[in-house]
Participant: 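Quick one: structure below, then a few questions.
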Amino acid sequence: MKKRIALLLCCVLLCALIPACAEEISVTGKVTQIEKYGHALLDITIEDFTAAGFQLGDIVTVTAGTYTGDMPYFNGYYVDNGEYMLRAYPGHTNIAVCINYGKFAETAGIGVGDPVTITLKEKAGALTIQGISNLVYTNDRADYASDEIFANFRPVALGEIGEGKLYRSASPVDNQNKRAAAADALIQAAGVNAVMNMASTEEDIAACFAAADYASPYYKQLYEAGRVIPLGLPINFTSDEFGEGIVKGFAFLSENAAPYLVHCTEGKDRAGFAAMLLEMLMGAGVDEIVADYMLSYENYYGIQSGTEKYDMIAERNIKEMMRSVAGLEKGAALEGVDLQAAAEQYLLAHGMTAEALAALKANLE
């Protein structure tokens with residue numbers, strides 16, 4: 001009996017000591033920049049964060065301003081629209097706190113100089129998603145089979161969209177990913193007449209033209225002729241600002257003759273949304289819209305149809321975009337939805353006139 005009591009006391013004492021001895025992994029940094037799309041960049045380097053004991057796929061607790069919550073630590077935007085994540089983007093030096101398609105700094109009420117504390121919540125709690133979703137591409141032309149794949153350039157001819165009327169690509173003017181020259185040559189060869197730039201502002205474009213690596217003579221020709229509309233849209237495709245910007249861009253296209261180009265920086269998501277909306281408007285079906293969107297992920301990352309990664313990205317990205325346009329709940333079935341009517345209603349609701357809508361459709365046929 002005495003031995004049992006002694007053993008029990010030892011166990012109780014050990015359990016009491018474990019929490020006291022366990023070391024909490026936590027770091028505090030400051031906001032150094034509010035990025036263009038509302039993410040809070042910190043003064044904590046990825047290298048120092050790793051040395052502190054954090055790894056990609058961990059779940060962390062972030063405290064910043066009025067916000068305290070748990071989120072995964074990823075090297076890409078692998079969470080659903082509106083969800084939180086801590087980011088260690090490939091090629092970047094420092095970590096950032098983000099909302100996918102949202103503005104973390106605005107939500108948390110923080111600015112440059114404000115403190116942010118990050119504490120380990122669950123080791124490897126999101127490692128499976130990190131492993132499946134891990135997406136990294138290179139900016140080396142030699143790593144791609146063609147200029148079209150490198151520039152993520154392609155015609156869009158789904159539904160009633162006529163051949164040679166609509167194209168999408170990475171930016172032919174912003175050369176941060178070294179694709180501007182290739183994209184510029186391709187849109188010139190296609191005879192693009194009007195451009196909807198979803199990423200850049202007037203100031204951004206002026207800076208691109210003045211840059212040492214400027215390589216966009218055809219784009220500049222179009223711009224100086226008044227046939228480029230710079231929209232500088234946010235990433236959040238569910239916001240009114242985004243919807244109103246889309247309408248502004250589409251109205252501009254309706255006043256110009258095709259062929260059209262829609263692009264953002266990489267030509268994946270904002271350009272993907274615009275292409276999707278035009279495809280819906282012109283009577284394309286769910287499967288072909290998904291396939292066109294996902295071709296960007298094949299071009300950049302080699303992700304093939306039929307894989308778990310392909311299906312997960314399609315479900316989380318392009319299908320959610322379609323649901324958003326159609327006013328459906330997250331994860332709702334798209335089968336049987338009148339996509340064309342949904343696109344028309346979306347555009348009219350965000351300020352497009354019936355006349356401009358009819359002109360755009362006629363120009364695309």
Participant: Are Thr138 and Asp140 linked by a side-chain donor-acceptor pair shorter than 3.5 Å?
Facilitator: no
Participant: On a heavy-atom basis, which atom in Val136 and which in Pro90 lie closest, and how many Å separate them?
Facilitator: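 In this case the closest contact between Val136 and Pro90 is CG2-CG, 3.9 Å.
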Participant: Check whether any side-chain N or O of Asn193 sits under 3.5 Å from a backbone N or O of Ala257 as a donor-acceptor pair, and report yes or no.
Facilitator: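 Yes; judged by distance alone, with no hydrogens or angles, the pair exists.
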Participant: When you check the side-chain N and O atoms of Thr28 and Thr117, is any donor under 3.5 Å from an acceptor?
Facilitator: yes
Participant: Between Lys30 and Asp43 (salt bridge meaning N to carboxylate O under 4.0 Å), is one present in this structure?
Facilitator: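 Result for this pair is no, no salt bridge flagged.
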Participant: Please check this pair: side chain of Arg179 against backbone of Arg141, looking for a donor-acceptor N/O pair closer than 3.5 Å.
Facilitator: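 No, Arg179 side chain to Arg141 backbone: no donor-acceptor pair under 3.5 Å.
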Participant: Does any donor atom in the side chain of Ser169 or Asn152 lie under 3.5 Å from an acceptor atom in the other side chain?
Facilitator: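 Result is no, nothing qualifies.
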Participant: Determine whether the side chains of Asp147 and Tyr144 contain a donor N or O and an acceptor N or O closer than 3.5 Å.
Facilitator: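 Their side chains do not contain a donor-acceptor pair, so the 3.5 Å distance test is not met.
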Participant: Judged by atom type as modelled, is there a donor-acceptor pair below 3.5 Å linking the side chain of Asn75 to the main-chain atoms of Tyr89?
Facilitator: no
Participant: Side chains of Tyr137 and Glu266: do they bring a donor and an acceptor to under 3.5 Å?
Facilitator: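 Yes, a side-chain donor-acceptor pair sits under 3.5 Å.
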Participant: Could you check Ile25 against Thr119 for side chain to side chain contact (heavy atoms under 4.5 Å, CB included), going step by step and ending with a plain yes or no?
Facilitator: CA-CA 6 Å; Ile25 301 178; Thr119 305; over 6 Å; no
Participant: Determine yes or no for a side-chain-to-main-chain donor-acceptor pair under 3.5 angstrom, with Glu320 supplying the side chain and Gly331 the backbone.
Facilitator: yes
Participant: Kindly confirm or rule out a cation-pi arrangement of Lys178 over Phe150, judged by NZ or CZ under 6.0 Å from the six-membered ring centre and within 45° of its axis?
Facilitator: no
Participant: On a heavy-atom basis, which atom in Tyr218 and which in Gly191 lie closest, and how many Å separate them?
Facilitator: OH-C, 4.0 Å
Participant: If I compare all heavy atoms of Ile99 with all of His39, which pair ends up nearest, and what's the gap?
Facilitator: O-CE1, 3.4 Å
Participant: Verify, without hydrogens or angle tests, whether Lys121 (side chain) and Asp70 (backbone) share a donor-acceptor contact under 3.5 angstrom.
Facilitator: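 Side chain of Lys121 to backbone of Asp70, a donor-acceptor pair under 3.5 Å: no, none is there.
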Participant: Check whether Glu315 reaches the backbone of Met312 with its side chain - one donor and one acceptor, N or O, closer than 3.5 Å.
Facilitator: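 The answer is no, because no donor-acceptor pair under 3.5 Å joins these two groups.
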Participant: What do you reckon, are the aromatic ring centroids of Tyr101 and Tyr77 less than 6.0 Å apart?
Facilitator: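 Not close enough - the centres of the two rings lie 6.0 Å or further apart.
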Participant: Do Phe273 and Tyr293 make the cut of ring centroids closer than 6.0 angstrom?
Facilitator: no
Participant: Classify the angle between the aromatic ring planes of Phe209 and Tyr214 as parallel (below 30°), tilted (30 to 60°) or perpendicular (above 60°).
Facilitator: perpendicular
Participant: Taking Asn197 for its side chain and Ala199 for its backbone only, find out whether a donor-acceptor pair lies under 3.5 Å.
Facilitator: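 Between the backbone of Ala199 and the side chain of Asn197 there is a qualifying donor-acceptor contact (under 3.5 Å).
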Participant: Distance to the ring centre below 6.0 angstrom and angle to the axis at most 45 degrees; does that hold for Lys165 and Tyr260?
Facilitator: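 So Lys165 doesn't make the cation-pi contact.
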Participant: Does the separation of the ring centres of Phe153 and His263 fall below 6.0 angstrom?
Facilitator: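 No; His263 has its ring centre 6.0 Å or more from that of Phe153.
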Participant: For a quick test of reading the model, state the closest non-hydrogen atom pair linking Arg168 to Ser296 and the distance between them.
Facilitator: NH2-OG, 3.4 Å
Participant: Give a yes or no answer on whether the side chain of Asn94 reaches the backbone of Leu42 with a donor-acceptor pair at less than 3.5 Å.
Facilitator: yes
Participant: What class does the angle between the rings of Tyr346 and His350 fall in, given that below 30° is parallel, 30 to 60° is tilted and above 60° is perpendicular?
Facilitator: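 Ring orientation of Tyr346 relative to His350: tilted.
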Participant: Quick test of your reading of the model: are Glu35 and Arg87 salt-bridged, counting only N-O distances below 4.0 Å?
Facilitator: yes
Participant: For Gln130, is there any backbone N or O sitting under 3.5 Å from a side-chain donor or acceptor partner on Ser133?
Facilitator: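 Such a contact is absent between Ser133 side chain and Gln130 backbone.
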Participant: Taking Lys330 first and then Asp80, would you say they form a salt bridge - that is, a charged N and a carboxylate O separated by under 4.0 Å?
Facilitator: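 Result for this pair is yes, salt bridge flagged.
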